[in-house]
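Data block below; observations after.
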2 protein chains.
Amino acid sequence: MPVFLDTAEADFDIQFSQLLATKREDSPDVDEAVAGIIADVRARGDAALIDLTERFDRLSLAPDGLAFTRAEMDAEIAKVPAEDRAALERAAERIRAYHVRQMPDDAQWTDPEGATLGWRWTPVAAAGLYVPGGLASYPSSVLMNAIPAKVAGVERLCITVPTPDGQANPLVLLAARIAGVDEIYRVGGAQAIAALAYGTQSIAPVDKITGPGNAYVAAAKRRVFGKVGIDMIAGPSEILVIADADNDPDFIALDLLSQAEHDESAQAILITTDEGFGKAVTEAVERHLETLDRRSIAGASWRDFGAVILARDLEEAARLSDRVAPEHLELCVADPDALAGRIRHAGAIFLGQWTPEAIGDYVGGPNHVLPTARSARFSSGLSVLDFLKRTTMARMSPGALQAIGPAAERLAASESLQAHGLSVTARLRKLNG
Amino acid sequence: MPVFLDTAEADFDIQFSQLLATKREDSPDVDEAVAGIIADVRARGDAALIDLTERFDRLSLAPDGLAFTRAEMDAEIAKVPAEDRAALERAAERIRAYHVRQMPDDAQWTDPEGATLGWRWTPVAAAGLYVPGGLASYPSSVLMNAIPAKVAGVERLCITVPTPDGQANPLVLLAARIAGVDEIYRVGGAQAIAALAYGTQSIAPVDKITGPGNAYVAAAKRRVFGKVGIDMIAGPSEILVIADADNDPDFIALDLLSQAEHDESAQAILITTDEGFGKAVTEAVERHLETLDRRSIAGASWRDFGAVILARDLEEAARLSDRVAPEHLELCVADPDALAGRIRHAGAIFLGQWTPEAIGDYVGGPNHVLPTARSARFSSGLSVLDFLKRTTMARMSPGALQAIGPAAERLAASESLQAHGLSVTARLRKLNG
């Protein structure tokens, strides 16, 4: 059974703080093993990738067999049913339409002193996307990572995906093709991250690596950070639903379960202003848990980390939600826009009863790669900005330098950086004759 | 003497690659010591801060003496000469004017299917800025970190700055006041980062930490990343100047030295299309190195990591610069705008002979916290975006769910996420009667 909390209880704050502090994930310490794998790939390149793939994925790769050929892609993709293809294309189209709007503008202006200032955005030249193998190999994640990169203008986008026992996921390959991915390699784990960061004979290095993975992949991403850019290190999925009594308990129960079924460490929380509704949702969850395919995973998540919180009013519910800073937040209330205006920290907000979180996982348009573990307090979901960088621009006219140069000379002197000051002084001397 | 390279030489590519691969910084491995310090601060809070400050900064703090009081600030700030204050205020005004323009827009639209989509930016609630003590305690850095945070709307902004032997830097305190910093604490090192991330009795925890620091500070920032957001880990400063013959060699020499004087590990590179000009700049550098206050630092940087590269033309110079991806790039050529159009990777570009890099360090307006060590390939300088986060928004009308829900059901089934699919199915069933 999940935790039941009532904000009217005297010990609510203690219990809520405990809920927030609960550690849901035990990251095994694989850092030493990962350091060894990265060193091996840097030293031996493709040969290391081939050995490690044999060892971890039970797959013998030929020296020229790391990349999928076009024909191999075609053969796999041909297995995808037409309806699945249509759904993926529909999703891709909507994700692209949303992310195109995120493209930021360049800027340039000249200020009253005569300084021309601004900035310019340019895409990362090459990006690598990690795709997990096995159960967590999601074609939707390929779209969510690859489309923002291509919208940003990344010229070379490659994927690494393990194919345990040689089994590829045709939907992942199709999603990659739909998204315009340029290269796909049959490697996984820390060795794939090392290859993307440092390059091998077959795999040219990239500048940025994104995508989810297991503890080895996460540790490898932390290690190569700085050499290349990385996205966030994702934790287990989370949903928080704020719902009033005027909802179908079954809808809300299924929304909670849709995150609980991801992972035993996932967290689903309901905050409601109506005690009876909270009970009805709990009963509906229990009922679905009897038949759900992934009932053992979802049941463990709900039992260990689930919570139902009774709040006095929506204002209080919003305050509690901000303390959680959830990855996914559903607002199932009469005026969801007004309630959204009171929320400060959330990865994504789903407004109203017709917007189940699962729509956002696939076809809504916004990205489903979102900040977890309360990091929505300081970070955002994946976007085109993750594949762009900004160069600031400045050009002084002689008059501008005469106007603001003396302040720079003064500050350089106060910081004892003499050459900084002289570089301004030499120019002012020439300008002032 | 710095390296001289000529793109016409047969072994140029090998030598240039060596230059790029040169490791300029030896980071001592302080990770274990830092882990101990963080654990101590988490366990003992203020008491640990007081002990560590006694040990590292030779300063005895009273239990209620961690924060500067208003009167203590006033007393220190009164020491600042009026001209320094005016220069700092001028700089702050220009930095604010630039960063205000970076504020991104929220967005909302309704698509043909009836889905209302968009996003919303909100500020981080609390941010902490680390300011080094001693020689590298720069008031300009306080402005460059604090002003973007305040422009973004951060409500609580605090600074930690060590005061070795009780010595505070009045200009740092004045810069903090001008920038609107709310709290200033006399602690430094890994213990300050731990206090900002986890909080103590005197220091409430923040959500985001920025600012430069030594190896201990950098290691501590890496360790608390995830619990809070951090900015980049900055490496030694770099400048690359592309200059044609039509420049004053003295200007360019001083620009190169203005980065070389920061740090023995700094790097200054000149790419020129004119061999004679390259020689003239080198001679000017040597001449200034005879008298410069920081000649031992600047001389070591120039000798060990400096380079003068002779290129065939500006097109080639731009290509080489992109391989370096410099933190600071000066374009001292007849048409700097045209050349800037050929550059893809740089932290900041300074256009034309009247724009010395030092202007950008102080009063230009753009931020001087910029990506180093070739990370301009995938990252950007500090900006208001570092203190904001984006929440994506989605609201489906019943019609929108009917239009795109079936694709979500299909994809959920293909990923074996049954509850995801059912959360859509249950709603479609009700809508479709």
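Labels below follow one simple rule: chain letters A, B, ... track the order of the sequence lines, proteins then strands, and each chain is numbered from 1. Computed from a prediction, not measured in an experiment: that's the story for all the values here.
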Exercise for the section: For F387(B), enumerate each residue passing the ring pair (Phe, Tyr, Trp, His ring centres under 6.0 Å) test, keeping only those at least two apart in sequence or located in another chain. Expected result: none
Practice task
Verify, without hydrogens or angle tests, whether R390(B) (side chain) and G381(A) (backbone) share a donor-acceptor contact under 3.5 angstrom.
Solution key: yes
Exercise for the section: Please look at S379(B) and chain A and tell me whether the side chain, the backbone, both or neither of the residue comes under 4.5 angstrom of a heavy atom of that chain. Expected result: backbone
Problem - Side-chain donor/acceptor of R120(A) to backbone N/O of A340(B), under 3.5 Å - result: yes
Handout entry: Side chain / backbone / both / neither for A107(B) at chain A, heavy atoms under 4.5 Å
Key = neither
Practice task
Over 60° means perpendicular and under 30° means parallel, so classify the ring planes of W109(B) and Y98(A), tilted if in between.
Solution key: tilted
Handout entry: Top contributor to chain B contacts, counting heavy-atom pairs under 4.5 Å, from E409(A), K227(A), Q259(A), E357(A)
Key = K227(A)
Handout entry: Side-chain donor or acceptor of K389(A) paired with backbone N/O of R344(B) under 3.5 Å
Key = yes
Exercise for the section: Answer with side chain, backbone, both or neither: which region of L411(A) has an atom nearer than 4.5 Å to a non-hydrogen atom of chain B? Expected result: both
Practice task
Using side chain to side chain donor-acceptor pair (under 3.5 Å) as the criterion, list what pairs up with S141(A), not counting sequence neighbours.
Solution key: H368(A)
Exercise for the section: With the side chain counted from C-beta on, respond yes when L292(A) and L422(B) share a heavy-atom pair under 4.5 Å apart, and no when they do not. Expected result: yes
Practice task
Against chain A, label E330(B) side chain, backbone, both or neither, depending on which of its atoms sit under 4.5 Å from a heavy atom there.
Solution key: side chain
Exercise for the section: Please look at Q102(B) and chain A and tell me whether the side chain, the backbone, both or neither of the residue comes under 4.5 angstrom of a heavy atom of that chain. Expected result: both
Completion exercise
Heavy-atom nearest pair, P366(A) first then L117(B), reads CD-CD2, 4.1 Å
Problem - Part of T122(A) lying under 4.5 Å from any heavy atom of chain B - result: side chain
Problem - Result of checking T355(B), D255(B), D250(B) against R427(A) for side chain to side chain donor-acceptor pair (under 3.5 Å) - result: D255(B)
Handout entry: R377(B) and K208(A), any side-chain heavy atoms less than 4.5 Å apart
Key = no
Practice task
Against chain B, label T372(A) side chain, backbone, both or neither, depending on which of its atoms sit under 4.5 Å from a heavy atom there.
Solution key: neither
